[in-house]
Amino acid sequence: MKEIRKKQKRLFAAMRAVVAVTLVYIVVYIGVQPYLPQLGTAAVMAFSYLSDILIVAALVLALVYYSRYGKVNAFLTRIEHEIKDCGFYYIADDKTDEESFLNALFDSLAADGFAMESNVEYDGLEFGFTAFKRRESLYVCGIDELSKDDVLAYLDCAVNDLTVRRLKRAGNSLLVFVTDEAQQGAVALSKMICTFGKKEQLKLGICIAEPKTGRCYFLGNMQTKLQSMAVRYVMRSTLPILDKLKSSEPLPFQAELERHMEDFTIKSYLDGTFYAH
């Protein structure tokens with residue numbers, strides 16, 4: 001991934017330089033064009049050809065850049081944020097048991113105008129409650145001991161509900177787990193954001209809250225609506241996140257993800273054979 005990013009930066013710098021030179025040249029060319037016939041036909045043709053060459057070069061570089069990196073840039077940006085993010089954040093609340101935390105979360109969402117529905121069951125999986133308001137939504141469930149399989153099962157269910165049952169094509173949805181203990185496999189998925197649509201109009205993020213330990217796991221260093229929702233409703237804090245609510249060290253899965261991304265190639269990503277998690 002690092003090598004790909006280096007190549008991307010070099011190509012972007014070259015593209016930006018050529019575009020800048022082309023724009024300056026065109027401005028100068030327009031200004032001096034009335035005087036060019038005085039220099040002769042050869043000068044007119046030279047200026048015209050140089051203009052065409054610069055424009056074509058700029059278009060070619062832009063085409064190469066966006067065709068090669070346009071589809072992977074957003075993905076790599078999210079992965080870089082996952083790797084560099086705090087391992088976890090602290091909940092700015094004194095609710096130390098799962099039930100009290102769920103009740104407080106329900107009340108805050110209801111007070112904020114969300115349409116609430118309790119004890120919702122989809123495909124055999126039960127959510128404590130769901131909350132919907134315009135393009136924002138939350139799926140909330142309480143699980144005593146959260147495993148990776150639990151996260152994947154509920155994630156698949158939430159995705160199916162959003163895209164198939166509700167036909168959502170844009171918006172931000174947060175899948176919230178409130179648990180006494182989150183296993184490492186579940187924590188490793190907490191910073192993942194699923195995106196849907198050609199322009200990634202629909203986003204679904206994961207947030208894990210452990211009221212007993214006061215920990216909250218989610219992607220908190222990337223400015224998105226999902227970050228705002230997690231901080232406001234789950235952490236019960238405000239943006240920017242206070243330093244005292246950030247853990248000081250990353251978690252082991254972040255180092256593992258960084259090592260795994262060394263095998264990343266654009267081809268494998270576009271072929272659908274590369275998975276970050």
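The shown structure was predicted, so the numbers you read here are calculated from the model rather than taken from an experiment.
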Practice item. Describe, in one word, how the ring planes of Phe12 and Tyr65 are oriented to each other, choosing from parallel (under 30°), tilted (30 to 60°) and perpendicular (over 60°). Key: tilted
Review point. Other than Leu59, what residues sit in its cluster of Ile, Leu, Val, Met, Phe, Trp and Tyr side chains whose heavy atoms are under 4.5 Å apart, directly or through others?
Key: Ile26, Ile30, Ile55
Point to revise | N/O donor-acceptor pair under 3.5 Å between Thr273 side chain and Ser268 backbone | key: yes
Exercise for review: Under the salt bridge (charged side-chain N to carboxylate O under 4.0 Å, His left out) rule, collect the residues that match up with Asp112, sequence neighbours excluded.
Suggested key: Lys133, Arg232
Review point. Under a 4.5 Å cut-off applied to non-hydrogen side-chain atoms, are Phe264 and Leu76 in contact?
Key: yes
Check your understanding: Rounded to the nearest 0.5 Å, what separation is found between the CZ atom of Phe88 and the CG atom of Asp85?
Key -> 11.5 Å
Exercise for review: Tell me, yes or no, whether the heavy-atom count around Arg16 atom CZ, taken from other residues, nucleotides or ligands under 6.0 Å, exceeds 12.
Suggested key: no
Without placing hydrogens or testing angles, list every side-chain donor-acceptor pair under 3.5 Å for residues 98-109, not counting sequence neighbours.
residue	atom	partner	partner atom	Å
Ser100	OG	Asp97	OD1	2.8
Ser100	OG	Asp97	OD2	3.0
Asn103	ND2	Glu99	O	3.3
Ser108	OG	Ala104	O	3.4
Ser108	OG	Leu105	O	2.9

Exercise for review: Might you work through the side-chain contact (heavy atoms from CB on, under 4.5 Å) test for Met192 and Leu155, ending with a clear yes or no?
Suggested key: CA-CA 11 Å; Met192 180 176 65; Leu155 177 63; 3.6 Å; yes
**Study point:** In one Ile/Leu/Val/Met/Phe/Trp/Tyr side-chain cluster, 4.5 Å: Tyr217, Val234
**Key:** no
Practice item. Would you check, one step at a time, whether the test side-chain contact (heavy atoms from CB on, under 4.5 Å) holds for Tyr154 with Tyr139? Key: CA-CA 9 Å; Tyr154 278 92; Tyr139 292 81; over 6 Å; no
Review point. Heavy atoms, side chains only, cut-off 4.5 Å: are Val231 and Tyr89 in contact?
Key: no
Point to revise | Option passing ring pair (Phe, Tyr, Trp, His ring centres under 6.0 Å) with Tyr269 (candidates Phe274, Phe75, Tyr275) | key: Phe75
Name each donor-acceptor pair under 3.5 Å that joins a side chain in residues 200-211 to protein atoms two or more places apart or in another chain, with its distance.
residue	atom	partner	partner atom	Å
Glu200	OE1	Arg78	NH1	3.1
Gln201	OE1	Lys199	N	3.4
Lys203	NZ	Glu200	O	2.9
Glu210	OE1	Thr213	OG1	2.7
Glu210	OE2	Ala182	N	2.8

Exercise for review: Hey, could you give me the CG/CZ distance between Leu162 and Arg169, rounded to the nearest 0.5 Å?
Suggested key: 10.0 Å
Side-chain atoms of residues 119-128: list all donor-acceptor pairs with protein atoms under 3.5 Å, sequence neighbours left out, distances to 0.1 Å.
residue	atom	partner	partner atom	Å
Tyr122	OH	Arg166	NH2	3.0
Asp123	OD1	Arg165	NH2	2.8
Asp123	OD2	Arg165	NH2	3.4

Exercise for review: Give a yes or no on this: more than 12 heavy atoms of other residues, nucleotides or ligands lie within 6.0 Å of atom CZ of Arg134.
Suggested key: no
Review point. What heavy-atom pair brings Ala62 and Met15 nearest, and what distance separates the two atoms?
Key: CA-SD, 3.4 Å
Point to revise | Members besides Tyr49 in its Ile/Leu/Val/Met/Phe/Trp/Tyr cluster (side-chain heavy atoms under 4.5 Å) | key: Met45
Check your understanding: Hey, what do you get for OG (Ser237) to OH (Tyr90), rounding to the nearest 0.5 Å?
Key -> 14.0 Å
Review point. Is the distance between the ring centroids of Phe114 and Tyr233 less than 6.0 Å?
Key: yes
Study note, to complete from the structure: The reported gap from CG in Leu175 to OG1 in Thr130 (rounded to nearest 0.5 angstrom) is 12.0 Å
Practice item. Kindly indicate whether the side chain of Lys2, heavy atoms from C-beta on, has any atom under 4.5 Å from the side chain of Glu258. Key: yes
Check your understanding: Is it true that a side-chain atom of Ser247 and a backbone atom of Cys86 form a donor plus acceptor pair closer than 3.5 Å?
Key -> no
Check your understanding: Roughly how far apart are Ile241 CD1 and Cys216 SG, rounded to 0.5 Å?
Key -> 8.5 Å
Review point. CZ/Arg5 to NZ/Lys9 distance, rounded to the nearest 0.5 angstrom?
Key: 7.5 Å
Exercise for review: Evaluate the criterion side-chain contact (heavy atoms from CB on, under 4.5 Å) for residue pair Tyr69 and Ile266; output intermediate values, then yes/no.
Suggested key: CA-CA 8 Å; Tyr69 299 108; Ile266 295 176; 3.7 Å; yes
Point to revise | Connected via hydrophobic side-chain network under 4.5 Å: Phe253 and Leu146 | key: yes
Review point. Linking I/L/V/M/F/W/Y whenever any side-chain heavy atoms sit under 4.5 Å apart, do Phe132 and Val176 land together?
Key: no
Check your understanding: More than 12 foreign heavy atoms under 6.0 Å from NZ of Lys246: is that the case here?
Key -> yes
Check your understanding: Are the side chain of Ser51 and the backbone N or O of Phe47 linked by a donor-acceptor pair below 3.5 Å?
Key -> no
Check your understanding: Is the shortest heavy-atom distance from the side chain of Asn73 to the side chain of Arg68 under 4.5 Å?
Key -> no
For a quick test of your reading: what N or O donor-acceptor pairs under 3.5 Å do the side chains of residues 218-229 make, sequence neighbours left out?
residue	atom	partner	partner atom	Å
Asn221	ND2	His81	O	3.1
Thr224	OG1	Leu226	N	3.4
Thr224	OG1	Gln227	N	3.1
Lys225	NZ	Glu136	OE2	3.1
Gln227	NE2	Gly220	O	2.7

Practice item. Please report the shortest heavy-atom distance between Val151 and Ala186, naming the atom on each side. Key: CG2-CB, 3.8 Å
Practice item. Check the surroundings of atom CZ in Arg236: do more than 12 heavy atoms from other residues, nucleotides or ligands lie under 6.0 Å from it? Key: yes
Could you pull out every donor-acceptor pair under 3.5 Å between side chains of residues 33-44 and any protein atom, sequence neighbours left out?
none

Check your understanding: Are Val56 and Tyr66 connected, step by step, through hydrophobic side chains (Ile, Leu, Val, Met, Phe, Trp, Tyr) whose heavy atoms are closer than 4.5 Å?
Key -> yes
Review point. Given side chains that start at C-beta, do those of Leu257 and Gln254 come closer than 4.5 Å, heavy atoms only?
Key: no
Exercise for review: Mind checking salt bridge (charged side-chain N to carboxylate O under 4.0 Å, His left out) for Asp150 and listing every partner two or more places apart, or none if nothing turns up?
Suggested key: none
Study note, to complete from the structure: Applied to residues 171-182, the side chain to side chain donor-acceptor pair (under 3.5 Å) test, sequence neighbours excluded, yields Ser137-Ser173
Revision key, fill the gap. What one should report as the nearest heavy-atom pair of Ala170 and Arg135 is CB-NH1, 3.8 Å
**Study point:** Residues in salt bridge (charged side-chain N to carboxylate O under 4.0 Å, His left out) contact with Lys71, at least two apart in sequence or another chain
**Key:** none
Exercise for review: Check salt bridge (charged side-chain N to carboxylate O under 4.0 Å, His left out) between Asp271 and all other residues, then give those that pass, not counting sequence neighbours.
Suggested key: Lys267
Review point. So do Glu80 and Met1 actually touch side chain to side chain, heavy atoms under 4.5 Å?
Key: yes
Check your understanding: Same cluster for Ile53 and Val18 if Ile/Leu/Val/Met/Phe/Trp/Tyr side chains link at under 4.5 Å?
Key -> no
Check your understanding: Under 4.5 Å between any side-chain heavy atoms of Ile79 and His277, yes or no?
Key -> yes
